There are 2 protein chains.
Amino acid sequence: MTTTEAELTISAVAEATGLSVHTLRYYERAGLMLTPVQRASSSHRRYSSRDVAWMVFLGRLRSTGMPIRAIEQYVQLVRRGDSTVLERLQLLVEHREQVRRDLAEIQASLAAIDHKINSYSEVLGIPADGTTPREGTVTC
Amino acid sequence: MTTTEAELTISAVAEATGLSVHTLRYYERAGLMLTPVQRASSSHRRYSSRDVAWMVFLGRLRSTGMPIRAIEQYVQLVRRGDSTVLERLQLLVEHREQVRRDLAEIQASLAAIDHKINSYSEVLGIPADGTTPREGTVTC
DNA sequence: GCTTGACTTCGAGCGCACTCGAAGTCGTAA
DNA sequence: TTACGACTTCGAGTGCGCTCGAAGTCAAGC
């Protein structure tokens, strides 16, 4: 395994990852590829399976709110080689803590929204919950 | 309960809600108050407890990613009175579905991050999980 | 040979949600 | 009376992450 890899076009990678072709090019321009994307003779991009795996994980980092800048840091560590494994681990653990905090806040907010929905349901006489209907209007 | 209410300054509301004073004024300018905020003789804002409760819920909607535009719609429904309760309910239920989808994606991404962290931990010989250490380097 | 369509680069534009700053107005305390 | 600090308005600026568009290249099929 050196150069011969499964090669995918940018549109295939877009389909596989759920990212747009624009976004894939943007990420590359932003320096977020671990290694340069190979090119066909036509200068079209050819993504290896490793590239695709990385784009998938990159998407995971993004969907949990890691800024592009932070991902850039991570990429630079990967490129510096095995000696940075501990640093990378620390970065990920730190991010995971942030994600857990975000998750907790969203869940708390979801509970508040649930509560409001229940209030409205009661007023409308639609007991979606096991609660007793009440009189009066909903606050807001 | 008509005019006499607990009255708070903007900075007190900022502290109570975790929103900045800038953000509170911005929301008001954006038309997100249910009713006009009362003013002291000095023209300083005086928030009623109902205002504060609404800002808290507004913060919940924002922290779950509801766009300002959508909140604006909701506010307009509230102002139109009791006849819009069903519409409001539908709006909230729709938003809740979106939040649940977002939550599921974040959780899936968190699992992927967990997995990567475990891989790194194994390589470093730090079995954070109940898994056996392995040889070779981490992919990325 | 000509069209079609998928790609290329690169700069510019966009949408969103704040965030800031300047200039002015109060009310209280020294 | 003078200073201070918390407020006011309103326009402009910021940061982020895409997203778009124009102009060009290339390979395959008719």
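Source: prediction; values computed, not measured. Protein chains get the first letters and strands the later ones, always in sequence-line order, with residue 1 at the start of each. The analysis underlying the following values was restricted to heavy atoms, covering all of them including side chains, and did not include hydrogens, waters or symmetry mates.
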Legend entry - No-hydrogen, no-angle side-chain donor-acceptor test under 3.5 Å, A/R88 and A/Y74: no
Inset, instruction - State whether a side-chain donor-acceptor pair under 3.5 Å links B/D51 with B/S48. - result: yes
Legend entry - First of A/S41 and A/R29 reached from the 5' end of DNA chain D, by closest nucleotide: A/R29
Legend entry - Pairwise side-chain hydrogen bond (donor to acceptor under 3.5 Å, both in side chains) hits with a residue in residues 62-73 of chain A, at least two apart: A/S63-B/S109, A/T64-A/H95
Inset, instruction - Please find the earliest and latest nucleotides of DNA chain C, in the 5' to 3' direction, that have an atom within less than 4.0 Å of any heavy atom of chain B. - result: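 Terminal contacting nucleotides, 5' to 3': C/dC16 to C/dG27.
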Legend entry - Smallest separation among heavy atoms of B/G81 and B/T84, with atom names: O-OG1, 2.8 Å
Legend entry - Atom of B/R79, atom of B/G31 and distance for their closest heavy-atom approach: NH2-O, 3.7 Å
Inset, instruction - List in numerical order all residues of residues 58-65 of chain A for which some heavy atom is under 4.0 Å away from an atom belonging to DNA chain C. - result: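 Nothing qualifies; none.
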Which side-chain N or O atoms in residues 99-107 of chain B pair as donor and acceptor under 3.5 Å with protein atoms at least two apart or in another chain?
| residue | atom | partner | partner atom | Å |
| --- | --- | --- | --- | --- |
| B/R100 | NH1 | B/E97 | OE2 | 3.2 |
| B/R101 | NH2 | B/Q98 | OE1 | 2.8 |
| B/D102 | OD1 | B/Q98 | NE2 | 2.9 |

Inset, instruction - Would you please name every residue forming a salt bridge (Lys or Arg N to Asp or Glu O under 4.0 Å) with B/R96, sequence neighbours left out? - result: A/D114
Legend entry - salt bridge (Lys or Arg N to Asp or Glu O under 4.0 Å) involving A/E87 - partner list, sequence neighbours excluded: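 By the salt bridge (Lys or Arg N to Asp or Glu O under 4.0 Å) rule, A/E87 matches A/R80.
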Legend entry - Length of the line joining B/L8:CG and D/dA6:P, which is rounded to integer Å: 16 Å
Using nucleotides 3-5 of chain D, report all nitrogen or oxygen pairs with the protein that are shorter than 3.5 Å.
none

Inset, instruction - Could you walk me through whether B/H44 and B/R39 pass side-chain contact (heavy atoms from CB on, under 4.5 Å), step by step? - result: CA-CA 5 Å; B/H44 290 193; B/R39 301 301 179 115; over 6 Å; no
Inset, instruction - Measure from the side-chain N and O atoms of A/W54 to the backbone N and O of A/L32, and report whether any donor-acceptor pair falls under 3.5 Å. - result: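 Yes, A/W54 side chain to A/L32 backbone: donor-acceptor pair under 3.5 Å.
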Legend entry - Backbone N/O of B/H115 and side chain of B/S119: donor-acceptor pair under 3.5 Å: yes
Inset, instruction - Could I get the full list of side chain to side chain contact (heavy atoms under 4.5 Å, CB included) partners for B/A70, not counting sequence neighbours? - result: B/M66, B/P67
Inset, instruction - Not counting sequence neighbours, which residues clear side chain to side chain contact (heavy atoms under 4.5 Å, CB included) with B/H22? List them please. - result: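 So B/H22 forms a side chain to side chain contact (heavy atoms under 4.5 Å, CB included) with B/S20, B/R25.
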Legend entry - Earlier contact from the 5' end, DNA chain C, for A/R39 and B/P67: A/R39
Show which side-chain atoms of residues 9-18 of chain B pair as donor or acceptor with protein atoms under 3.5 Å away, not counting sequence neighbours.
| residue | atom | partner | partner atom | Å |
| --- | --- | --- | --- | --- |
| B/T9 | OG1 | B/S11 | OG | 3.2 |
| B/T9 | OG1 | B/A12 | N | 3.2 |
| B/T17 | OG1 | B/V13 | O | 2.8 |
| B/T17 | OG1 | B/L19 | N | 3.2 |

Inset, instruction - For DNA chain D, find the residues of residues 9-26 of chain B with a heavy-atom distance under 4.0 Å and give them by number; none if there aren't any. - result: B/T9, B/I10, B/S11, B/R25
Inset, instruction - Have a look at the helix from C/dG1-D/dC30 to C/dA30-D/dT1 and give the angle its two end axes make, five pairs each, rounded to 10 degrees. - result: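 Between the first-five-pair axis and the last-five-pair axis there is 10°.
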Legend entry - Verdict with supporting geometry, B/E7 and B/Y47, side-chain contact (heavy atoms from CB on, under 4.5 Å): CA-CA 5 Å; B/E7 291 181 337; B/Y47 291 81; over 6 Å; no
